[in-house]
Amino acid sequence: MHPFSYTRVSDTAEALNAGRRGGRYIAGGTTLVDLMRETVERPGALVDISALPLREVTVTKSGGLRIGALVTMTEAAAHPKVHALYPVVSQALELSASPQLRNMATIGGNIMQRTRCTYFRDVSAACNKRDPGSGCAAREGFNRTHAILGTSDDCVATHPSDVAVAFAALEATVHLLGPDGERRVPFADFLLRPGSTPQREQALRKGELITGVEIPALPRPLKSGYLKVRDRQSYEFALTSAAVALHVRGGVIREAKVAAGGVGTVPWKLSAFEQHLVGERPSESLWAAAAEKAADGARPLDHNRFKVELLKRTVARQLRIVGGTK
Ligand code: SF4
């Protein structure tokens with residue numbers, strides 16, 4: 001591990017000052033410490049923000065929810081409001097990582113976590129994300145778990161977060177605080193596709209701090225849930241996943257929020273797909289027809305062609321679970 005300084009801050013002004021000087025924020029540390037041990041990341045200064053007052057879940061004036069950046073995954077998953085209003089968020093969190101990690105990891109850190117691409121974590125391998133311009137070992141290597149959507153010639157790594165898929169589906173907003181004040185970024189714009197700059201993963205400005213994630217109020221009743229398909233039933237990342245939320249009134253789908261995980265370089269919002277559902281009545285044939293569109297635009301690699309069909313089936317199954325049939 002490389003030498004670094006460590007500062008524990010007690011208020012946001014102190015944090016922003018340290019961030020402006022190039023300090024790297026750390027809270028639960030469940031990703032960053034691993035990456036520092038492996039020398040994938042070598043920050044010169046760590047700024048521990050875990051004592052900041054960002055650990056509350058609150059109902060917004062409009063009836064949505066704001067989850068503080070330092071709320072742990074365990075706390076968010078178990079929070080009565082999260083559980084009652086957005087089960088898709090609770091389920092995505094409960095299906096992530098392990099109980100020990102969920103007790104330490106925070107919501108802010110979760111959406112900032114870096115890819116699980118094995119070549120990214122192997123400092124002897126070519127990786128444009130870790131070492132821009134060095135190449136992408138995954139393209140010609142073993143790429144079974146890699147992305148089929150949103151890829152570029154420079155990077156095909158998936159975003160590993162489950163709850164980010166739920167946030168993308170629900171059209172959440174990321175609240176930021178930086179040297180220039182507060183800013184709100186739609187979740188769809190917060191995580192960046194790799195393009196030719198895979199090393200740049202979030203739409204963060206220098207020194208900006210995530211203060212929370214806001215989920216908008218959605219029409220009620222809203223049924224939602226998260227389905228994760230993986231190689232083993234615990235402590236494993238998604239091969240495919242689906243976050244689905246449906247508002248059905250009078251037997252007709254009025255709102256549909258759907259995103260897929262495990263398949264995209266960012267959580268994959270299925271916007272065109274959602275439009276296909278709105279105005280229709282839940283039925284087996286609707287789910288099947290809609291799911292056929294879930295993998296539109298996919299560019300599979302040598303070892304992950306199976307994800308195209310698996311994604312369609314994952315989405316169809318989760319639509320059936322959440323929406324039922326008449
Ligand atoms: Fe690196 Fe991305 Fe290629 Fe993985 S897929 S080796 S993270 S550039």
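Order of appearance sets the numbers: ligands from 1, and atoms from 1 within every ligand. Quick caveat, the model's predicted, so the values are computed rather than measured.
Nearest heavy atoms, L222 versus P219: CB-O, 3.6 Å. Of all the heavy atoms in G68 and I107, the pair that sits closest is O-CB, 4.0 Å.
For the ring-ring contact (aromatic ring centres under 6.0 Å, His included) condition, the pairs that include at least one residue of residues 103-153, sequence neighbours left out, are F142-H303.
Not a single side chain to side chain donor-acceptor pair (under 3.5 Å) links T173 to another residue, sequence neighbours left out. With sequence neighbours excluded, the residues that form a side chain to side chain donor-acceptor pair (under 3.5 Å) with T314 are T240.
Panel detail: atom 2 (Fe) of ligand 1 has protein N, O or S atoms under 2.8 Å away, 1 in number.
The pair R37-D34 meets the salt-bridge criterion, with a side-chain N (NZ, NE, NH1 or NH2) lying under 4.0 Å from an Asp/Glu carboxylate O.
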